[in-house]
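Worksheet: the structure to be examined is printed underneath.
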Amino acid sequence: MKLIVDSGSTKADWIAIDDNGKVLFTTQTLGLNPEILDGPEIVSRLNDRFDILQNKKNATHLFFYGAGCGTERMQTALSQIFQEYFNNAIVEVHEDTYAAVYATTPKGEEAIVSILGTGSNCSYFDGKVLHQKVQSLGYIAMDDCSGNVFGKELIRKYYFNKMPKELAVEFEKEYNLDADYIKNKLYKEPNPNAYLATFAKFLIKHKDSEFCRKIIFKGMKSFVKNYIKQFDNCKEVPVHFVGSIAFYLKDELQETFDKYELQLGNVLRRPIDGLIAYHVANQ
């Protein structure tokens with residue numbers, strides 16, 4: 001039994017397949033980002049799902065693609081945790097960008113592949129090897145155009161009284177905006193980036209308002225200039241995306257790309273289905 005996992009900071013999608021690619025079960029855990037979670041918390045999240053717990057000795061392979069796995073140190077740390085948990089399995093840990101590449105890019109083709117979800121990332125795939133020009137410093141310093149950055153922007157606008165009154169009233173109805181509650185979520189509880197990203201749903205819901213459009217296009221402009229345009233051939237190859245922000249704001253992405261003369265390629269909410277096809281073809 002092979003386990004394929006696509007993990008962001010908010011959630012992780014799990015699919016178990018046999019050697020022929022038949023799906024044995026699917027499940028979902030909370031996100032397993034090793035940059036913001038310790039080992040006991042990761043194991044606790046695994047144990048919370050009965051399908052994973054009861055099959056941990058049956059797994060022969062674990063292919064894990066995750067946010068926070070962009071450095072060798074984090075890959076090694078998470079591999080050790082998984083190897084102890086799935087002690088009969090061969091474990092491979094890759095950064096989440098590889099999942100995006102395998103799910104969106106035809107074999108051997110060049111592309112720029114981006115993630116716009118809770119966090120953000122961008123890489124160039126030359127058909128064989130992944131290249132990055134921007135080293136991520138995490139959600140506090142970077143993550144342009146991501147759910148957590150949009151969420152932070154909405155909270156700031158609300159507290160600085162820069163949000164239109166009619167939207168502010170709606171915002172208050174949908175979220176607990178008590179300052180102590182927000183600070184506890186940000187500084188005391190795990191996954192503050194995932195918490196911030198929950199506010200992005202409001203932005204998407206009201207994306208046709210002038211207020212939200214300004215925030216959206218400011219974020220997309222920043223992502224294009226700081227990430228995509230780092231690559232000299234950005235106008236010559238398609239730019240693929242995975243992630244909920246890209247998926248639900250696809251029209252806005254297209255509008256932005258038209259302005260910068262870029263080619264918008266495949267846009268997927270989740271890469272997990274494409275990963276099945278990839279691993280069956282390359283087993």
Side-chain angles (χ1 to χ4, degrees), residues 8-11 100 112-122 134 136 138-179 181-183 185-186 191-230 234-235 238-270:
S9 294
T10 305
K11 63 184 184 305
I112 293 172
V113 182
S114 301
I115 295 171
L116 286 183
T118 298
S120 67
N121 202 346
C122 182
V134 179
S136 176
Y139 78 98
I140 294 176
M142 291 186 167
D143 275 4
D144 295 27
C145 201
S146 68
N148 79 74
V149 167
F150 282 147
K152 180 166 61 177
E153 184 72 5
L154 285 174
I155 293 173
R156 285 169 53 84
K157 294 287 188 184
Y158 174 81
Y159 265 88
F160 289 144
N161 296 313
K162 300 293 185 180
M163 184 180 287
K165 185 176 180 180
E166 63 276 12
L167 286 179
V169 170
E170 189 73 20
F171 201 50
E172 291 166 354
K173 290 179 181 178
E174 296 190 21
Y175 298 96
N176 184 340
L177 298 172
D178 176 76
Y181 178 84
I182 292 174
K183 287 188 285 186
K185 284 286 188 180
L186 292 178
N191 287 48
N193 56 335
Y195 165 69
L196 285 170
T198 62
F199 292 93
K201 296 178 182 178
F202 185 87
L203 190 76
I204 293 168
K205 180 179 178 181
H206 299 280
K207 67 176 188 174
D208 293 330
S209 72
E210 185 62 26
F211 171 78
C212 290
R213 280 179 61 84
K214 285 182 179 180
I215 294 174
I216 290 167
F217 285 108
K218 177 184 175 183
M220 290 185 174
K221 178 181 178 180
S222 176
F223 188 82
V224 168
K225 289 190 171 183
N226 291 335
Y227 290 79
I228 295 173
K229 295 190 78 173
Q230 291 275 352
C234 63
K235 293 185 177 182
V239 184
H240 304 310
F241 283 88
V242 298
S244 57
I245 297 298
F247 183 80
Y248 289 114
L249 296 177
K250 182 178 178 180
D251 291 342
E252 289 72 22
L253 266 179
Q254 185 66 69
E255 190 174 338
T256 302
F257 271 43
D258 289 344
K259 178 180 178 180
Y260 288 97
E261 300 179 329
L262 299 169
Q263 305 172 46
L264 183 61
N266 298 317
V267 180
L268 304 177
R269 183 183 177 190
R270 304 187 311 163

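As the structure is a computational prediction, the values presented were derived from the model and not from experiment. The figures that follow rest on heavy atoms only: side chains count, while hydrogens, waters and symmetry mates do not.
Interatomic distance, Ile215 CD1 to Arg156 CZ, rounded to the nearest 0.5 Å: 11.0 Å. One distance of note links CD of Glu210 with CG of Leu167; it measures 11.5 Å at 0.5 Å rounding. Note that the CD1 atom of Ile228 and the OG atom of Ser114 stand 4.5 Å from one another [nearest 0.5 Å]. Remark: Asp178 CG to Lys185 NZ distance equals 12.5 Å, nearest 0.5 Å. Rounded to the nearest 0.5 Å, atoms NZ (Lys250) and CG (Leu268) are 9.0 Å apart. Rounding to the nearest 0.5 Å gives a distance of 11.0 Å between CE of Met163 and CD of Glu170.
Counting only heavy atoms from C-beta outward, the side chains of Met142 and Val134 approach each other to under 4.5 Å. The shortest side-chain heavy-atom distance between Met220 and Leu249 falls under the 4.5 Å cut-off. Side-chain contact between Ile245 and Leu203: absent, with no pair of heavy atoms (C-beta onward) separated by less than 4.5 Å. By the 4.5 Å heavy-atom criterion applied to side chains, Thr256 and Lys221 are not counted as neighbours. Contact of the Cys234 side chain with the Val239 side chain is not registered, since no non-hydrogen atoms from C-beta on lie closer than 4.5 Å. Side chains of Phe211 and Leu154 form a contact here, defined as non-hydrogen atoms less than 4.5 Å apart. Here the side chains of Glu255 and Arg213 are in contact, with some heavy-atom distance below 4.5 Å.
When all heavy atoms of Val113 and Ala100 are compared, the closest pair comes out as CG1-CB, 3.5 Å. Contact detail for Ser146 and Ser120: the closest heavy-atom pair is CB-N, 3.9 Å. Across all non-hydrogen atoms, the minimal contact from His240 to Gly265 is ND1-CA, 3.5 Å.
Scored by the salt bridge (charged side-chain N to carboxylate O under 4.0 Å, His left out) test, Lys235 finds Glu261 as partners (sequence neighbours excluded). Among residues two or more places apart in sequence or in another chain, the salt bridge (charged side-chain N to carboxylate O under 4.0 Å, His left out) test is passed with Lys152 by none. The side-chain contact (heavy atoms from CB on, under 4.5 Å) test applied to Lys201 returns Tyr175, not counting sequence neighbours. The salt bridge (charged side-chain N to carboxylate O under 4.0 Å, His left out) check on Lys207 picks up Glu252, with sequence neighbours excluded.
No side-chain donor-acceptor contact under 3.5 Å links Ser9 and Thr118. In summary, the side chains of Asn226 and Gln230 do not present any donor paired with an acceptor at a separation below 3.5 Å, with no hydrogens or angles considered.
Partner of Asn148 under the side chain to side chain donor-acceptor pair (under 3.5 Å) criterion, out of Asp143, Thr10, Asn193: Asp143 alone.
The aromatic rings of Phe199 and Tyr195 stand perpendicular to each other, their planes meeting at an angle above 60°, with 30° marking the opposite boundary.
Listed by first then second residue, pairs satisfying ring pair (Phe, Tyr, Trp, His ring centres under 6.0 Å) with a partner in residues 246-270 read Phe241-Phe257, not counting sequence neighbours. For residues 141-164, the pairs satisfying ring pair (Phe, Tyr, Trp, His ring centres under 6.0 Å) are Tyr158-Phe171, with sequence neighbours left out.
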